[in-house]
Amino acid sequence: MRKDTTRRFRSLKKVHDRGIGHAPVRRGAMPPIVGLCAAAGSMQVLSRFFAALPQSPGAAFVVLLHRAQAVPGDVAAQLAPCTSMPVVPVEPAAPLHHDHVYLIAADRQAGIADRQIAALPPDPAAGPHHPADRFLHMLAAARDDALAVILAGAAAGSGAGLAALRQAGGIVLLQHPREIGNSLLPTDMHATAAADFVLPSHALAGQVAALLDAGTRLAAATAGDRGAGEVRGILAHLGARTGHDPAGLPPAAALARIARRARIHRAATLAAYLARLRRDAAETQALLRDLLPATTPEFSAPGETASPDHEERQSAGEAPDCGAGAVQSANAGLRAANRELRHRLDAVAHAHADLQVLMPAGHAGTLFVDDAWRITRLSDRMDAPPGQPRPEDDPRVADIAAALSTGDIAALARTVRRGREPVEREIEAGAGRRYRIRMRPARTPDGGRPGLIVTFVEIGAPHRIETALRESEARLRQEMRLVELSRAPIFVWEFDDRIIQWNRGSEALYGYSRAEAIGRRKQALLRTVVPGSSFAALRRELANRERWSGELIHFAKDGREIIVESQIELVSIDGRQVALESTSDITDRRRWEERQALLLGELTHRIKNTLAVVQSLARLSLRGAASPAAFVEGFEGRLTALASAHTLLVDSRWQGAELGALVRTQLEAYQDVAGRRVRLEGAPVLLSPELATPFGLIIHELATNAAKYGAWASPHGQVRLSWTTLEQDGLRHLHFVWQERGGPAVTKSGRLGAGSTLITSSLPGATIRQDFRRDGLVCTIDQALDQEGHDGDGA
Amino acid sequence: MTVTEHDSEHPRSLAGVRVLIADDELLIALDIGAALADCGAEIVGPCTTLPQALEAVQGGSPSVALLDIRIGRSTTEPVAAALAARGIPFAFYSGQRLPDAMRGRWSGHRLISKPAAQSTLIGAVRRLAAR
């Protein structure tokens with residue numbers, strides 16, 4: 001007790017010695033400010049807070065006392081033993097120093113300017129104004145990096161002040177309301193929403209010290225113009241990720257709010273904070289929320305009306321020069337703020353708080369039930385990925401709604417709505433889902449009619465979700481592996497851009513390795529040709545119908561053209577349009593089909609041609625025929641001659657016919673009459689298909705005539721067939737002789753007609769001479785074997 | 001025996017017409033030639049190779065022509081071009097359709113499908129000669 005008294009005295013003496021308002025003010029940086037809003041019965045918490053702070057935290061601590069703590073001097077005496085910092089009751093003013101504690105009475109209006117702190121009577125013209133709210137607005141005006149520590153129960157009516165402080169760049173720490181037995185009273189709700197940290201009392205000091213440390217380091221890193229580049233970088237990142245451009249915000253305000261988030265994450269530099277933003281989408285959203293209100297007037301808090309002025313001053317680099325009077329006039333401006341607007345904003349903040357506090361995870365939700373038991377609003381998760389079911393479609397909402405309308409829970413809900421106290425229960429609903437629900441009475445934001453706020457958490461959901469996630473991940477990995485291993489070419493490309501997947505089958509078909517294909521533009525790599533259409537048209541159809549299938553031409557790495565049957569599906573993954581394409585090589589099949597079509601065409605052509613030949617043969621035979629019987633005999637003989645020449649050609653795969661074989665085939669029909677009276681002399685000679693048929697026909701005609709009128713018509717007549725080949729002017733020539741001997745006396749007349757025409761005209765390139773000698777016909781044929789136009793497979 | 005009664009009704013209807021026949025199937029060429037000759041036409045050819053046909057266009061002074069589309073390994077397009085250059089009317093007589101490469105320029109010319117009745121061929125030549 002004695003020791004306490006001594007320390008208290010020393011503290012007071014320290015203050016006195018410095019001389020309030022008289023001592024020369026040391027010029028230098030204004031200390032960072034930590035404002036504390038005390039609450040009734042919070043003396044112990046305050047003591048512990050200061051005791052837990054490090055030796056020199058590097059800030060001025062300003063404590064707004066609660067009405068119950070009427071005398072600052074008494075409080076100073078109680079706190080002094082807990083801290084090595086001087087504890088100064090401000091009455092009416094004091095210079096502001098690092099590592100000092102200043103106490104402001106609850107009925108005073110605090111003001112900070114020009115490194116001075118003042119505690120003045122509030123302006124009565126401003127009307128009733130909550131002390132904590134006034135205090136927070138003052139902190140917001142004094143510094144762009146103030147910390148506010150709100151002890152449990154002290155936040156009532158301070159919604160606008162909290163918002164103003166945050167928007168100025170300050171950080172709000174809230175003692176967890178549960179510590180004083182209040183479980184999330186509506187009055188604390190919006191403070192909870194506005195707070196950056198909600199902590200048990202024992203953790204507050206440590207967090208404050210860490211934030212001050214982070215603030216010092218960041219301030220050093222952003223001193224002067226340093227950090228301007230990073231700010232631009234951060235705003236550019238924000239623009240790219242969210243599509244929002246907070247360009248309307250003055251640079252100083254943007255910097256203060258960015259620095260605020262950076263300090264919260266204890267980033268030592270803005271570059272470090274930017275790095276965090278890049279890997280943390282939730283933080284990007286959080287920063288956006290911090291930056292946006294200033295660019296969205298309908299959501300700006302009343303405190304905003306004073307902000308631009310403040311920011312301009314800061315950005316101009318001038319030292320704040322307003323004294324207590326200026327603070328008061330600024331406060332008068334605040335008091336003039338539209339109270340109706342504020343009421344509504346409070347209500348919105350209130351509702352918003354429910355979401356932020358009670359919906360940290362996807363398996364929790366909040367319902368607002370009005371006086372007619374209608375569910376009027378559903379909480380919506382801000383970070384819900386697109387494609388997730390909307391809250392209205394959530395089966396859990398249906399579960400809760402069903403529970404609320406029947407049985408015990410319905411009765412309980414009616415009791416809660418009439419009363420004041422929140423109630424918690426566990427319920428079981430459809431499909432075996434279990435929930436912990438909390439119901440508490442609440443006003444609706446728009447009119448204050450009695451209603452019910454129901455928050456619920458699905459019990460066991462995290463485990464179930466994790467299991468499901470693990471299973472689906474395993475399945476996905478398995479399927480990805482199957483795709484990778486597949487022999488069927490499968491690849492994935494971004495609709496507007498590059499190939500992102502390329503499996504083994506694709507490597508095999510196209511010749512590009514995975515490394516070569518991934519990252520390349522699909523169109524550049526495979527040079528897709530769409531038969532009868534265009535790649536642009538294919539893309540359009542894909543965009544419209546999300547799928548496309550059909551025949552495409554791709555080009556392999558070696559330049560080979562590949563005809564593929566392609567199936568493409570367009571899917572959306574993480575907001576990107578991705579095309580899944582699988583192809584199968586139908587090149588061989590197409591080539592085969594083309595060849596088939598070609599062969600069929602050729603066959604048709606040949607059949608028609610052959611029919612025309614037969615037709616001509618018939619008419620030629622008719623031309624020289626003396627009677628129908630003679631016509632049939634002549635026609636049949638010639639048809640057979642053609643057919644046997646044809647058979648030889650088919651056997652040789654249409655390469656040609658050997659002359660000896662051709663002759664023997666044609667003479668077979670005269671075996672009976674000729675017997676041994678025929679001699680063949682000549683080396684093998686290959687006749688082209690074009691020559692073979694007419695040659696066969698000529699031999700047939702000669703043989704027919706020999707049997708009818710020549711050598712074979714008499715018992716001893718002989719026929720000698722001989723041939724030689726010789727080179728002349730680089731071309732091979734065939735010299736062929738048909739020589740009859742020992743036949744009847746030759747008469748030319750009987751041999752004229754169709755047969756004679758065929759013999760003399762069948763080989764238009766040949767020289768054919770028929771010499772009707774006394775002892776028999778001698779027919780010589782001289783034929784060039786390599787004649788132009790006869791060296792291919794003519795029709 | 002007479003070839004057809006139809007032809008005997010118009011014995012000299014093609015008198016003075018010089019018909020170039022290009023067909024690598026000699027029997028067909030001979031048959032057509034004989035039929036047209038029966039009607040009084042003079043036959044240029046028959047030509048069974050491309051060089052023969054081209055030579056006949058130049059030296060044979062034909063007044064009309066019947067061309068198979070394929071002759072040996074090539075088509076009769078050069079013959080068609082030479083005839084067109086001289087303003088000599090002609091028709092195709094073939095078992096196949098005009099190939100794609102020839103369709104654009106020559107589809108205006110009549111194509112008689114093989115096999116055709118002799119009267120069809122004679123009628124076609126008569127019509128060509130009347131131009």
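Everything numeric here is computed off the predicted structure, so don't read it as measured data. A, B, ... follow the sequence lines: proteins, then strands. Residue 1 opens every chain.
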- Item | Inter-chain contacts: residues 106-116 of chain B against chain A, heavy atoms under 4.5 Å | B:S113, B:K114, B:P115, B:A116
- Could you give the distance from CD1 (B:I32) to CZ (A:R619), rounded to the nearest 0.5 Å? 8.0 Å
- Query: Got A:L697 and B:L27 here, is their nearest side-chain heavy-atom distance under 4.5 Å?
  - Reply: yes
- With sequence neighbours excluded, what pairs up with A:F635 under the ring pair (Phe, Tyr, Trp, His ring centres under 6.0 Å) test? A:F631
- Between A:L617 and chain B, which part of the residue has a heavy atom less than 4.5 Å away: side chain, backbone, both or neither? side chain
- Per-residue contact mode, B:A53 against chain A (heavy atom under 4.5 angstrom): neither
- Task: Would you please name every residue forming a ring pair (Phe, Tyr, Trp, His ring centres under 6.0 Å) with A:F695, sequence neighbours left out?
- Result: A:F736
Between side-chain atoms of residues 79-88 of chain B and protein atoms elsewhere (two or more places apart, or another chain), which donor-acceptor pairs fall under 3.5 Å?
{"from": "B:R86", "atom 1": "NH1", "to": "B:A82", "atom 2": "O", "distance (Å)": "3.4"}

- Query: Just wondering, more than 12 heavy atoms not from A:E593 lying within 6.0 Å of its CD?
  - Reply: yes
- Message: Quick one about B:R70 and A:H605 (side-chain donor to acceptor, distance below 3.5 Å, no hydrogens or angles considered), yes or no?
- Response: yes
- Query: Does the side chain of B:E25 reach to within under 4.5 Å of the side chain of A:N609, using non-hydrogen atoms?
  - Reply: yes
- Item | Closest non-hydrogen atom pair between B:I28 and A:S616, with its separation | CA-OG, 3.2 Å
- Query: CZ of B:R18: more than 12 outside heavy atoms within 6.0 angstrom?
  - Reply: yes
- Message: Counting only heavy atoms not in A:R595 (residues, nucleotides, ligands), do more than 12 fall under 6.0 Å from its CZ?
- Response: no
- Query: Would one find more than 12 heavy atoms of other residues, nucleotides or ligands at under 6.0 Å from atom CD of A:E633?
  - Reply: no
- Message: Within the supplied structure, the quantity of interest is the number of heavy atoms (other residues, nucleotides, ligands) at a distance under 6.0 Å from A:R769 CZ; does it exceed 12?
- Response: no
